[in-house]
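Notes follow once the structure below has been shown.
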Amino acid sequence: MSSNHSKRLWMYAQMVKSRHFEDMIKPAYFEGKTPVFNMAKGPLPGEMHLSDGQEPCAVGVCAHLRADDTVTATHRPHHIAIAKGVDLNAMAAEIFGKKDGLAGGRGGHMHLFDPAVNFSCSGIIAQGMGPAVGAAMAAKMQGSDAVAVAFLGEGAANQGAFHESLNLASVWQAPVVFVIEDNSYGISVPKTACTAVASNVERAAGYAMPGHNVRNNDPDGVYEAAGIAIDRARSGSGPSLIEIETSRLEGHFMGDPEGYRPKDEVKRLQERDPIPAYRARLVTEGFDQMELDRAEREARELVDQAFSFARGNEYPEPKEAFDHVFA
Amino acid sequence: MSSNHSKRLWMYAQMVKSRHFEDMIKPAYFEGKTPVFNMAKGPLPGEMHLSDGQEPCAVGVCAHLRADDTVTATHRPHHIAIAKGVDLNAMAAEIFGKKDGLAGGRGGHMHLFDPAVNFSCSGIIAQGMGPAVGAAMAAKMQGSDAVAVAFLGEGAANQGAFHESLNLASVWQAPVVFVIEDNSYGISVPKTACTAVASNVERAAGYAMPGHNVRNNDPDGVYEAAGIAIDRARSGSGPSLIEIETSRLEGHFMGDPEGYRPKDEVKRLQERDPIPAYRARLVTEGFDQMELDRAEREARELVDQAFSFARGNEYPEPKEAFDHVFA
Amino acid sequence: MSLPDATVEKPASERRLTIAKAMSEAIGQEMERDSTVLVMGEDIGKMGGVFGTTTGLFEKFGKDRVRDTPISETAFIGAAVGMAASGMRPVVELMFVDFFGVCMDAIYNLAAKQSYFSGGKVSCPMVLMTSVGGGYGDAGQHSQCLYATFGHLPGMKVVIPSNAHDAKGLMLSAIRDDNPVIFMFHKALQGMGWLGTVAGSINDTPEREYCVPIGKASVVREGSDITIVGLGATVHQALAAAKKLDDTGIDAEIVDLRTIAPLDRKTILASVAKTGRLLVVDDDYLSFGIGSEIIATVCEALPAPLKYPPQRMAHPDIPIPFTPVMEHFLLPDAGKIESRVIAMMGEKT
Amino acid sequence: MSLPDATVEKPASERRLTIAKAMSEAIGQEMERDSTVLVMGEDIGKMGGVFGTTTGLFEKFGKDRVRDTPISETAFIGAAVGMAASGMRPVVELMFVDFFGVCMDAIYNLAAKQSYFSGGKVSCPMVLMTSVGGGYGDAGQHSQCLYATFGHLPGMKVVIPSNAHDAKGLMLSAIRDDNPVIFMFHKALQGMGWLGTVAGSINDTPEREYCVPIGKASVVREGSDITIVGLGATVHQALAAAKKLDDTGIDAEIVDLRTIAPLDRKTILASVAKTGRLLVVDDDYLSFGIGSEIIATVCEALPAPLKYPPQRMAHPDIPIPFTPVMEHFLLPDAGKIESRVIAMMGEKT
Ligand SMILES: Cc1ncc(C[n+]2csc(CCOP(=O)(O)OP(=O)(O)O)c2C)c(N)n1
Ligand SMILES: Cc1ncc(C[n+]2csc(CCOP(=O)(O)OP(=O)(O)O)c2C)c(N)n1
Ligand SMILES: [Mg+2]
Ligand SMILES: [Mg+2]
């Protein structure tokens with residue numbers, strides 16, 4: 001791994017980019033929502049699910065993906081969208097509900113579609129899994145070696161779609177990889193209170209597919225496991241399941257008072273924030289601080305530009321709501 | 001096992017009763033449907049799913065059950081209903097759509113409800129599993145040691161409800177047992193073509209519950225595995241999964257031309273018909289032929305009486321269709 | 001099961017609750033009264049429900065009777081059906097009605113048909129509470145109402161309170177009902193601070209037990225010129241519009257449906273027979289919706305023609321867009337109701 | 001995508017097919033023409049579909065393009081959505097519409113909203129074919145129509161052929177459409193010997209490719225006294241009733257909806273404007289149903305009052321009972337239509 005300099009630099013930069021994206025959202029989200037927090041108000045109404053802390057999952061997987069590989073993500077999609085290369089300006093504009101957003105403002109933060117890089121996401125738990133199997137099968141039938149990756153939370157692993165999709169993928173030997181971002185919580189419910197097994201990789205055997213567990217929210221660990229799984233898929237050997245032990249540094253959605261979390265938990269998790277930790281590792285392993293600084297700066301600049309673009313962009317005409325219901 | 005004379009005699013008698021029930025249905029079903037088979041016609045319209053060959057699953061499990069234990073069955077319910085002790089007259093009358101049927105003719109063969117013995121069934125694949133978990137939890141909350149058993153086919157084990165119900169039962173330590181009747185087919189699709197694993201018990205580990213595989217369609221084997229699982233549930237130690245390798249001696253439904261089955265398969269299965277096989281074993285192990293004959297005769301008589309009752313019973317008034325939509 | 005309908009009495013004192021508080025109070029009172037009542041759903045334990053429907057119940061009744069579930073709607077709603085068949089009275093939460101697509105079978109093929117398939121021998125006393133409605137920018141999978149989706153399928157009762165008083169009384173009725181009751185609460189009325197709340201939904205809600213009967217609409221404003229039929233959030237929009245219309249001399253009568261199955265056709269017909277004009281306002285999709293059913297009901301039954309063709313206002317037949325400029329353009333509101341009514345007072349047919 | 005609508009031409013020769021054969025022929029022709037078309041579903045491989053919708057396709061196109069699936073509707077319909085987003089045109093079978101409750105999310109939240117959520121950048125060209133209807137004693141979980149359930153939710157087109165000719169033309173249109181199309185075929189019309197078949201559904205079906213346009217109703221009988229609107233099976237009941245009514249001097253016009261989303265309101269309105277009377281007949285549940293929508297459409301739009309209040313006939317709002325004495329009592333049929341029409345010709349309003 002340590003030899004793979006450019007990939008690691010890319011992963012680091014994408015993590016920084018993703019985190020900066022969320023950091024830009026935070027104040028914007030609260031604009032117009034104070035003094036009394038009201039989700040309906042401000043430039044970013046509705047639920048907002050941030051991915052702070054989960055960046056390693058996105059970058060370690062997407063480092064192996066091409067534009068023609070498909071990714072389906074969840075209600076918590078920003079880090080994955082960014083790592084998959086979704087157009088940053090159009091993504092920011094979409095989240096602000098603007099005219100030049102990915103969908104002209106129709107989709108919003110839980111419905112980001114960018115066909116240029118085959119990315120999409122959905123707000124219904126585990127329901128992106130079937131489409132990922134389908135995209136994988138489409139590639140297979142078209143004679144391409146493209147693969148598909150479905151991301152899901154550990155809470156989603158108890159939804160029926162999980163079972164059906166893993167079985168179907170295995171029976172059809174679909175070139176797909178299922179990636180569980182295990183952040184220990186489904187909103188307020190801890191994994192231990194709702195999942196019969198300690199680790200969801202124990203379920204992989206029930207679908208005759210390999211399961212990989214990645215500990216410590218480690219980008220290099222994700223990269224390695226994803227490499228094995230994606231190579232397997234690309235070479236026509238079938239699906240895999242990956243479970244990544246990650247951490248949710250924010251509330252389930254913005255404004256979540258998190259009364260269900262032990263008081264010091266977030267603090268402890270923040271101390272293990274994967275981004276500074278990865279930077280420290282890279283430095284220890286010989287990366288040039290200035291190179292890292294430059295990558296960070298460039299990543300942040302792109303995000304800043306995207307937010308400027310989004311803010312400056314107009315709202316669509318209301319009556320355009322009637323467009324695109326049908327193709 | 002061999003010491004358990006009366007249980008085995010009971011199991012044998014119930015298998016005979018169930019088979020005779022199906023044998024009585026066969027000619028009745030084709031009444032009015034010839035010369036051109038039309039499912040809508042005759043005294044037994046609609047789909048008819050016979051359980052010939054699957055009797056060991058029903059009797060081996062129900063031999064351990066009390067009236068206050070709950071059973072949820074499937075679209076193929078007769079053998080299970082009979083073994084659970086559903087009122088035979090009312091069951092036959094229901095299948096004939098008559099006034100004194102279990103539901104006055106409203107339910108029909110896929111919707112048999114007998115609260116006296118806590119039996120019900122549903123025509124939607126795997127959808128009886130959640131209710132079984134609920135019934136088990138109700139008993140647990142009420143301080144009773146009653147248990148629940150959900151029957152399902154091996155095809156149903158690929159439905160999302162399977163996954164969700166097993167996980168929920170395990171998390172809640174529900175006193176429930178899931179019994180897969182593996183007859184190798186879901187309508188026309190062989191298990192091997194749609195299930196990622198060779199045996200569904202391989203999936204039990206994914207829910208941290210014991211899995212038992214019973215081979216050779218063996219009533220004593222079912223009895224033994226079910227005994228362990230039901231004791232476990234009754235004593236508060238949680239759920240189990242049982243998979244029984246059984247055989248479907250008839251078509252998926254009556255009238256099924258079975259073009260998808262190898263020509264000689266049914267013949268081979270019939271040679272291993274569990275009912276004569278069990279009788280032969282009982283005789284070998286010292287059961288009195290006359291005792292078995294008597295049990296057979298009594299079982300058949302009850303069925304004959306039930307069919308006479310059903311045929312003699314009136315149809316309900318059409319306008320009674322409006323009754324019981326609400327409690 | 002036959003407590004007095006408090007809507008017909010004068011309230012003893014002012015005790016203003018939000019719908020969320022009214023719901024959790026009702027559930028808590030029933031849990032105290034009847035040990036077979038329990039609550040299940042995602043995040044309804046320690047968190048008290050994402051929309052506050054179970055606030056305080058976990059602390060009071062503990063984890064056996066206030067059960068957090070996995071994200072497994074098929075299994076836990078199915079389990080509720082099994083519990084209901086076995087002597088319990090579960091109250092289950094489907095967090096957003098938009099998620100019905102992962103679990104509808106347990107609702108409409110199991111719960112709703114249990115009584116019928118058993119010839120009345122097995123009942124299904126369960127409440128499914130679920131949040132509906134948009135207007136706060138949560139986009140197309142978290143903002144739907146789907147009233148008609150539930151109203152169309154037989155065997156369940158469907159209630160939609162527009163205020164805390166009715167929410168409490170309908171919840172008590174729902175829990176005591178021996179049938180599956182779908183309890184749809186509108187996010188814009190819920191009284192969760194973070195969602196904003198229409199003030200009119202917070203009203204006097206007696207502490208004592210009382211039932212609001214299922215299947216009875218309520219005339220929340222009497223008037224002579226036009227009948228506006230609404231439910232949930234649109235009742236308040238209609239009330240605001242009526243106030244403005246009053247200034248211009250138009251006297252609108254407003255019917256709050258409260259229940260859509262069974263539908264109180266009598267109250268609607270009586271009102272329209274009196275006013276001669278009908279506007280139905282809802283925030284569900286337009287076609288095959290609330291408006292269709294009510295207009296058909298009226299036109300089938302009323303002998304004299306109306307003074308103006310009956311009208312409906314609803315979310316058009318398109319997915320709900322995220323961006324507020326589009327979302328608010330599509331949803332009904334007081335201003336739109338006002339102008340539609342003014343148009344309907346013109347040229348008679 | 002713009003082949004001529006064969007309904008307007010005179011058929012070249014008599015080539016009578018069942019709906020089942022027409023469907024499988026249409027799918028086969030499209031699979032031959034377009035390598036991105038494939039079929040998936042339970043028992044659609046070797047078995048050719050429980051209702052014969054894929055007969056012969058497995059033998060012709062092999063297991064990669066004619067895929068038997070596990071009993072996993074959520075996964076395989078979800079997979080179809082993913083395929084449709086990735087350049088394929090899947091035709092998927094949901095064996096009975098009654099099973100929608102286990103997989104509706106993939107249909108209405110994914111397939112139906114893919115175009116909208118992507119601002120038109122990702123389409124969802126897929127066909128979901130599913131059997132509907134009862135009358136043959138299959139009881140309450142295998143006999144429903146659920147037309148309005150699908151019609152109510154935006155983003156999908158919904159077609160319901162009443163005969164083989166239309167079934168083939170609608171299937172071609174559906175496969176070529178870039179949107180999700182729900183293709184509901186009625187078991188009583190399917191032409192599977194074992195289900196019986198209404199003779200009128202077997203009609204001349206050209207071998208060549210032709211499209212019947214989605215969204216266009218068809219006036220299958222012209223008349224002057226009353227408009228009877230039907231779809232699927234009820235079209236044939238209406239036709240039989242009209243024949244009898246003709247003897248008594250009543251001249252009924254019959255509209256076969258063929259599509260309920262988008263609904264061809266123009267054709268309905270033109271017919272009712274002409275006849276002045278409206279009866280809607282369908283075999284789905286009554287409330288929030290086809291009849292409600294069509295009556296509302298007519299009453300909202302038509303300036304002159306009708307000669308008789310608009311009426312609807314449908315399955316009442318109760319689960320479908322098994323016993324034939326009850327089931328046939330509840331379902332519409334020619335005799336019931338005839339007497340209802342006679343009643344509607346009496347005293348005008
Ligand atoms: C079918 C369905 N049920 C419930 C929800 C509500 N919901 C949204 S996010 C969430 C928790 C998801 O937990 P997990 O899968 O672990 O993802 P995380 O939020 O931790 O990223 C829930 C229950 C939903 N969106 N869809
Ligand atoms: C959700 C759902 N999908 C499909 C069906 C149609 N169907 C009825 S029986 C059956 C096969 C079931 O196979 P299995 O579970 O193995 O039971 P068996 O018939 O072999 O007893 C299918 C697909 C259904 N009833 N419900
Ligand atoms: Mg999580
Ligand atoms: Mg089977």
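By convention in this document, chain letters (A, B, ...) are assigned in the order of the sequence lines, proteins followed by strands, and residues within each chain are numbered from 1. In this text the structure is predicted, and so the values were computed from the model without any measurement.
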* Please determine which of Lys84(A), Glu181(A), Glu22(A) meets the side chain to side chain donor-acceptor pair (under 3.5 Å) test together with His79(A). =>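 Exactly one candidate clears the test, Glu181(A).
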* Is chain A contacted by the side chain of Ser72(C), its backbone, both, or neither, given a heavy-atom distance below 4.5 Å? ->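 Answer is both: backbone and side chain atoms of Ser72(C) are under 4.5 Å from chain A.
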* To do: Answer with side chain, backbone, both or neither: which region of Asp68(C) has an atom nearer than 4.5 Å to a non-hydrogen atom of chain A?
  => side chain
Sort [X] into side chain, backbone, both or neither according to what part of it lies under 4.5 angstrom from a heavy atom of chain C.
X         : value
Glu320(A) : both
Phe326(A) : neither
Ile125(A) : side chain
Leu44(A)  : neither

* **pair Ser201(C)-His236(C): side-chain heavy atoms closer than 4.5 Å** => yes
In terms of side-chain geometry, is the basic nitrogen of [X] or [Y] positioned less than 4.0 Å from the acidic oxygen of its partner?
X         : Y         : value
Glu47(A)  : Arg76(A)  : no
Glu265(A) : Arg261(A) : yes
Asp52(A)  : Lys26(A)  : yes
Glu243(A) : Lys191(A) : yes

* Does atom NZ of Lys41(A) have more than 12 heavy-atom neighbours, drawn from other residues, nucleotides or ligands, at distances under 6.0 Å? -> no
* **Aromatic ring pairing Tyr207(A)/His163(A), orientation class (parallel under 30°, perpendicular over 60°, tilted between)** => perpendicular
Determine the option with the most heavy-atom pairs under 4.5 angstrom with chain A, choosing from [options].
options                                   : value
Trp194(C), Tyr136(C), Phe329(C)           : Trp194(C)
Asp98(C), Leu330(C), Thr323(C), Thr69(C)  : Thr323(C)
Val102(C), Val50(C), Asp317(C), Thr197(C) : Val102(C)

Winner by heavy-atom pair count (cut-off under 4.5 Å) against chain C, out of [options]:
options                                    : value
His324(A), Lys319(A), His109(A)            : Lys319(A)
Ser122(A), Ala193(A), Gly259(A), Gly101(A) : Ser122(A)
Gly104(A), Ser188(A), Pro257(A)            : Ser188(A)
Ala156(A), Gly255(A), Ala126(A), Ala321(A) : Ala321(A)

* To do: Indicate the atoms forming the closest heavy-atom contact of Val97(C) with Leu146(C), along with that distance.
  =>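 Distance-wise, the nearest heavy atoms are O-CD1, 3.8 Å.
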